[in-house]
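Below you'll find the structure, written out as structure tokens, and then a few comments.
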Amino acid sequence: MSAIKKISVIKKTGKALALLLAFACSFSVYAQSADDVGEIYKQIDMAVASKSADKISQILQAHRSSENYQLIENYTLKQTRKLIITDNLELARQTSLAVIDNNLENFDAVELYSYIDKAILNQQAANQAAENRKRLEQERIAARNAKSKQQIESRGNFQSVTTASGAEVYQNEQQASFSSTIWTVKLCLADFNFQKITDPDYSSLKYGLGFGANIFRPSERFILGADLFADAHIVTLTASEKKAASTSSGTDGDLPQEFFISGRLVPELAFADLSKNLFIRAGIAAHMLSSDSRDITNSTETFITPVVGLALDNISLGDSQFRLFADYDVGHLFYDEIKMAMEFGTSLMLPFSVSDKTKMGLELGLQDLLIMKDEGGIENRAKFTFAIGVGNVVK
């Protein structure tokens with residue numbers, strides 16, 4: 001090969017090597033630049049995740065002189081649009097503003113900022129309108145409740161009660177002060193009956209046992225109840241000496257022997273709007289006599305009678321319970337020897353043991369049966385009772 005051809009081959013080879021070396025250097029620079037942009041993207045992602053617009057602004061400012069700054073801005077605006085999609089408008093506005101602060105000529109960022117700002121204003125207006133509607137609805141409900149409360153309280157027999165959940169409800173006084181059923185049961189261990197007759201002049205004192213019960217069932221408008229009582233006086237303790245002396249001699253003949261048995265069943269009704277303690281009564285009563293000495297005592301024979309009357313019942317004096325009643329015996333109209341008959345009674349229960357559900361105590365009672373006879377005489381039977389009573393606790 002000639003010298004000229006060798007020189008030509010060498011020149012061509014040198015050019016090829018120079019081009020290859022230049023391409024390799026260019027690729028290396030591009031790869032390094034791509035690695036730097038990727039790292040900046042990661043920094044932007046971390047700033048968005050931490051919701052820090054200040055960090056984004058610092059990243060943009062630090063790379064303003066970079067040849068890839070436009071890529072960094074575009075990536076920042078891309079992340080801003082994602083924030084709009086996830087409804088994080090405030091952070092999106094701050095992020096777009098960071099782009100604008102670092103490059104006022106980025107009109108895409110300016111347009112995006114304007115869109116976000118309007119969206120935030122519209123959202124605030126919608127939230128304010130919803131808040132206004134909520135406030136107006138609360139005021140309307142409060143005004144309606146105040147009016148209802150005034151109407152309820154003007155009736156005078158309701159009170160407000162706060163439930164366990166915190167809600168306020170209105171409850172009838174009877175519902176608030178009474179349990180669903182109110183009951184009292186009593187056993188008279190000492191029942192004394194003092195009898196006084198004017199014509200002939202005779203008196204006696206008898207001992208007996210008795211039983212009684214009271215039950216009430218309240219409702220919103222009415223309180224239904226019942227008064228049950230029965231007793232038997234079979235032991236004569238004392239009698240008028242004048243009459244006792246006129247009897248035959250002997251142990252059993254020293255005193256006139258008479259047995260008194262009485263009972264009543266009287267339903268009661270109270271109107272809650274009028275009074276929870278004032279009851280009207282209507283029922284039946286029986287006063288029975290078993291005697292072999294009526295020619296001496298002139299005691300009134302057995303009579304059974306309807307009764308009507310009034311009662312003050314369920315009156316609470318602390319834990320104590322008080323009641324009072326007066327009955328008119330209508331049945332006297334059907335007995336020739338009875339001109340008129342009435343019965344009165346009162347009792348006071350004094351508890352000595354009170355639990356959450358029941359109470360036990362001593363009940364002291366006084367009852368009086370007044371009989372006016374057709375021939376002008378008067379017979380009076382007064383009872384003094386000492387009983388053990390058990391009842392439920394009134395809530």
Side-chain angles (χ1 to χ4, degrees), residues 188 191-212 214 226-240 242-244 246-247 255-269 279-313 323-347 365-385:
C188 298
D191 188 345
F192 298 97
N193 187 323
F194 178 74
Q195 177 192 28
K196 176 64 178 177
I197 300 177
T198 59
D199 187 17
D201 185 12
Y202 174 77
S203 62
S204 67
L205 178 63
K206 302 180 184 299
Y207 171 81
L209 300 175
F211 171 83
N214 299 95
D227 175 20
L228 172 65
F229 185 80
D231 60 359
H233 298 89
I234 56 177
V235 178
T236 302
L237 300 177
T238 62
S240 300
K242 178 180 178 181
K243 296 300 177 183
S246 65
T247 60
L255 299 174
Q257 295 301 309
E258 292 184 326
F259 297 160
F260 290 160
I261 300 175
S262 64
R264 65 174 179 269
L265 176 59
V266 186
E268 298 183 345
L269 173 66
F279 291 82
I280 57 175
R281 296 161 49 94
I284 189 169
H287 304 279
M288 293 174 280
L289 173 69
S290 175
S291 175
D292 58 1
S293 307
R294 190 169 180 274
D295 56 333
I296 301 174
T297 65
N298 196 26
S299 299
T300 302
E301 292 183 313
T302 295
F303 73 102
I304 301 174
T305 173
V307 298
V308 293
L310 296 173
L312 291 173
D313 219 330
R323 65 188 308 265
L324 174 69
F325 73 89
D327 290 336
Y328 176 66
D329 294 347
V330 182
H332 74 86
L333 300 172
F334 307 102
Y335 293 88
D336 294 336
E337 66 174 0
I338 303 176
K339 186 176 182 180
M340 187 178 67
M342 295 179 291
E343 188 170 4
F344 309 91
T346 184
S347 65
L366 174 63
Q367 299 180 41
D368 187 79
L369 174 63
L370 178 63
I371 303 173
M372 301 181 67
K373 300 184 178 182
D374 189 62
E375 64 270 17
I378 297 176
E379 179 177 352
N380 192 70
R381 301 178 186 177
K383 300 178 184 178
F384 305 89
T385 60

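Basis for what follows: all heavy atoms, side chains included, without hydrogens, waters or symmetry-related copies.
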Residue pair [X] / [Y], side-chain heavy-atom distance below 4.5 Å:
X      : Y      : result
Thr198 : Lys373 : no
Gln257 : Asp292 : yes
Phe325 : Val266 : no
Leu228 : Leu265 : yes
Leu366 : Phe384 : yes

[atom1]/[X] to [atom2]/[Y] distance, rounded to the nearest 0.5 angstrom?
X      : Y      : atom1 : atom2 : value
Asp199 : Glu375 : CG    : CD    : 6.5 Å
Thr238 : Leu205 : OG1   : CG    : 4.5 Å
Asn193 : Leu237 : CG    : CG    : 10.5 Å
Phe303 : Met288 : CZ    : CE    : 11.0 Å
Phe260 : Leu369 : CZ    : CG    : 9.5 Å
Met340 : Leu370 : CE    : CG    : 6.5 Å

Query raised in the report: Counting only heavy atoms not in Asp295, do more than 12 sit closer than 6.0 Å to its CG atom?
Result: yes
Query raised in the report: Should we say atom CG of Leu333 is surrounded by more than 12 heavy atoms from elsewhere, each under 6.0 Å from it?
Result: yes
Query - Proximity of Tyr207 and Phe192 rings by center, below 6.0 Å - result: yes
**Report entry** Asp368-Asn380 side chain donor-acceptor pair, cut-off 3.5 Å
**Finding:** yes
Query raised in the report: Taking atom types as modelled, is there a side-chain donor on Ser204 or Glu258 under 3.5 Å from an acceptor on the other?
Result: no
Report task. Could you tell me whether Asp374 and Lys339 make a salt bridge, using a distance below 4.0 angstrom between a side-chain N and a carboxylate O? Result -> no
Requested in this report: Please determine if Arg281 and Glu268 form a salt bridge, counting it only when a charged side-chain N lies under 4.0 Å from a carboxylate O.
Outcome: yes
Spell out, as yes or no, whether a donor-acceptor pair under 3.5 Å connects the side chain of [X] to the backbone of [Y].
X      : Y      : value
Ser291 : Arg294 : yes
Ser290 : Phe259 : no
His287 : Ser262 : no
Thr302 : Leu289 : yes
Glu379 : Thr300 : yes

Report summary line: Hits for ring-ring contact (aromatic ring centres under 6.0 Å, His included) against Phe194, two or more places apart or cross-chain, chain-then-number order -> none
Report summary line: Between Pro200 and Asn298 the two heavy atoms that sit nearest each other are CD-CB, 3.3 Å
**Report entry** All side-chain hydrogen bond (donor to acceptor under 3.5 Å, both in side chains) counterparts of Ser347, not counting sequence neighbours
**Finding:** none
Report task. Identify the residue among Arg381, Arg264, Lys383 that makes a side chain to side chain donor-acceptor pair (under 3.5 Å) with Gln367. Result -> Arg264
Requested in this report: Let me know which of Ser240, Ser203, Ser299 forms a side chain to side chain donor-acceptor pair (under 3.5 Å) with Gln195.
Outcome: Ser299
